[in-house]
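Order of the sequence lines fixes the chain letters, A, B, ..., with proteins taken first and strands second; residue numbering starts at 1 for each chain.
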Protein chains: 2
Amino acid sequence: MARPLSTEAREKALAAAQEVLSTDGVEGFTVDAVAKRSGVAKTTIYRHFSSGNELLINAIDCMVTPFPTPNTGSLKGDIEEFIQSVLPFIDDHSMQRTMMGVIAAAASDPELHRVHQEMMQLRMTPIKTMLELARGRGELRPDLDLDLALDFVEGPFFFRKMIRNEPMGEKEIRAFAAMIIHGLEGA
Amino acid sequence: MARPLSTEAREKALAAAQEVLSTDGVEGFTVDAVAKRSGVAKTTIYRHFSSGNELLINAIDCMVTPFPTPNTGSLKGDIEEFIQSVLPFIDDHSMQRTMMGVIAAAASDPELHRVHQEMMQLRMTPIKTMLELARGRGELRPDLDLDLALDFVEGPFFFRKMIRNEPMGEKEIRAFAAMIIHGLEGA
DNA sequence: TGAATTCACTACGTTGTCGTAGCGTAATGA
DNA sequence: TCATTACGCTACGACAACGTAGTGAATTCA
């Protein structure tokens, strides 16, 4: 082996892939576009990634970052903090497009489905931890189904921003948190 | 005018378009596929629809049907009935795929965006009516923000089924309804 | 230094989709 | 009846994306 594959070319390609994903969405994602944008030759891209689809998957994998587990001492504070921390991320329109595209495409492509599952788990884990902590403090009933509670915490927020594209300010965040708390406590 | 465009060809094409949409998703939707499936010649399809995209939009338009407004006399009953009526529809995997595909594609295509908006409104209206009825009966506070409540009713359900693909039985439906009620009342 | 290999570049063949043209045939209105 | 028009069929040109070949220059290991 005289010359190893340069990590620089790989990273430039991945970075450009993420950019293309943001601006053109999953359906506009092409190897040609990534090559043009990155300055890395298409042939070189194929040396690093066996197919366009694998490039896509790796790019998505790099975009996914876990959220920190909120820990303010009370469930109400935790939920508000959680929404606050996710909001700027989810408010980005191109990110919305990318996420929805991945979710939709995951229905057809088994590899993307795996990525989708990972994404979900990464996002759900801190929420679940948050709920377990609250239960430990006695803020929630011990027999509460945490799996359902998960949907209850994330669902309204997700639906409003991703599906209905309605705005969400401080007032709405507090209202949501209050409703969620009451719902979980009363269950 | 010697011979009008046959409604039969149009309807056969539309029906096949819906089938293709179900089996192959939005990304697999092509005029050729519809032509092959319907038995209607591609050229004929173009006589009825100015473009493949217009065929797609018309097909989706035909698929969307409004849900009846639940009216059991109590909000709890209404919510359970609502979930019950939507469940079989949303449990259909191909329908899930189609819907998510439309939502994702709507981010790029303004015409699809319009269809998406119509779809949403058609679905949200009965829920809003249901909430207004409950408020009229005194089951909800008069100052409740119905727009937020909408997300609160639909969100958890949507998130669980469409995004996380988790199962949902009688027990979960009742648990959801109970949580939603408590959340709305406590807000 | 020198052999090997990656890199960028251009170009190609393949495939799939779009929308259209031309052709006979069949159906409809005047 | 008969002119008109839709129908199905086959084929085509345009275009975009895929993945690959070949070239010369640059880089790295031995």
Side-chain angles (χ1 to χ4, degrees), chain A residues 1-60 98 101-102 104-105 108-112, chain B residues 1-60 98 101-102 104-105 108-112:
Chain A
M1 283 169 213
R3 187 182 170 184
L5 288 169
S6 85
T7 56
E8 189 189 340
R10 186 176 213 276
E11 281 164 16
K12 278 205 285 186
L14 275 176
Q18 292 179 31
E19 286 177 30
V20 171
L21 216 44
S22 295
T23 53
D24 304 344
V26 178
E27 76 282 2
F29 183 89
T30 65
V31 178
D32 290 285
V34 175
K36 185 172 276 183
R37 188 158 205 145
S38 63
V40 176
K42 194 165 60 147
T43 43
T44 301
I45 292 177
Y46 279 107
R47 288 192 190 94
H48 288 266
F49 306 94
S50 62
S51 71
N53 206 34
E54 198 184 308
L55 171 60
L56 170 64
I57 288 171
N58 278 77
I60 293 171
T98 305
V102 171
S108 310
D109 185 332
E111 291 198 84
L112 273 181
Chain B
M1 284 168 218
R3 187 181 170 184
L5 288 170
S6 84
T7 55
E8 189 189 339
R10 186 175 213 278
E11 281 164 17
K12 278 206 284 188
L14 276 176
Q18 292 179 32
E19 287 176 30
V20 171
L21 217 43
S22 295
T23 53
D24 302 345
V26 179
E27 76 283 0
F29 183 88
T30 64
V31 179
D32 290 283
V34 175
K36 185 172 275 183
R37 188 156 205 146
S38 63
V40 176
K42 193 166 60 148
T43 43
T44 300
I45 292 177
Y46 279 106
R47 289 187 189 101
H48 287 264
F49 306 93
S50 62
S51 71
N53 208 34
E54 198 184 308
L55 170 61
L56 170 64
I57 288 171
N58 278 78
I60 293 171
T98 304
V102 171
S108 310
D109 185 332
E111 290 197 84
L112 274 181

What is the separation between atom [atom1] on [X] and atom [atom2] on [N], rounded to the nearest whole Å?
{"X": "A:I45", "N": "C:dT6", "atom1": "CD1", "atom2": "P", "value": "16 Å"}
{"X": "B:L5", "N": "D:dT5", "atom1": "CG", "atom2": "C1'", "value": "9 Å"}
{"X": "A:K36", "N": "C:dA8", "atom1": "NZ", "atom2": "P", "value": "16 Å"}
{"X": "B:E11", "N": "D:dA6", "atom1": "CD", "atom2": "C1'", "value": "16 Å"}
{"X": "A:E8", "N": "C:dA8", "atom1": "CD", "atom2": "C1'", "value": "13 Å"}

Tell me every residue that passes side-chain contact (heavy atoms from CB on, under 4.5 Å) with [X], counting only those two or more places apart in sequence or in another chain.
{"X": "A:F29", "result": "A:A17, A:V20, A:L21, A:V34, A:L55, A:L56"}
{"X": "B:A104", "result": "A:M100, A:A104"}
{"X": "B:A15", "result": "none"}

B:Y46 and B:V31: CA distance, side-chain angles, deciding distance, side-chain contact (heavy atoms from CB on, under 4.5 Å) verdict:
CA-CA 9 Å; B:Y46 279 106; B:V31 179; 3.6 Å; yes
With side chain to side chain donor-acceptor pair (under 3.5 Å) as the rule and sequence neighbours excluded, what pairs involving residues 50-59 of chain B come up?
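Those involving residues 50-59 of chain B are B:S50-B:E54, B:N53-B:D109.
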Residues pairing under side chain to side chain donor-acceptor pair (under 3.5 Å) where one sits in residues 9-24 of chain A, two or more places apart or in two chains, turn out to be A:E19-A:R37, A:T23-A:R37
Does B:H48 make a side-chain N or O approach to OP1 or OP2 of D:dA6 shorter than 4.0 Å?
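The answer is no; no side-chain N or O of B:H48 sits under 4.0 Å from OP1 or OP2.
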Residue list, side-chain hydrogen bond (donor to acceptor under 3.5 Å, both in side chains) with [X], at least two apart or on another chain:
{"X": "B:S38", "result": "none"}
{"X": "B:T30", "result": "none"}
{"X": "A:S6", "result": "none"}

Using the 3.5 Å cut-off, write out each protein N or O paired with an N or O of nucleotides 12-18 of chain C and the distance between them.
{"unit_1": "C:dC18", "atom_1": "OP2", "unit_2": "B:V31", "atom_2": "N", "d": "3.0"}

Check nucleotides 22-28 of chain C for protein N or O atoms closer than 3.5 Å to its own N or O atoms and list the pairs.
{"unit_1": "C:dA26", "atom_1": "N3", "unit_2": "B:R3", "atom_2": "NH1", "d": "3.4"}
{"unit_1": "C:dT28", "atom_1": "O2", "unit_2": "B:A2", "atom_2": "O", "d": "3.3"}

A:A105 and A:V26 have their tightest heavy-atom pair at CB-CG1, 4.5 Å
Nearest atoms (heavy-atom pairs only) where B:A13 meets B:I45:
CB-CG1, 4.3 Å
What's the angle between the local helix axes at either end of the helix from C:dT1-D:dA30 to C:dA30-D:dT1, using five pairs per end and rounding to 10 degrees?
20°
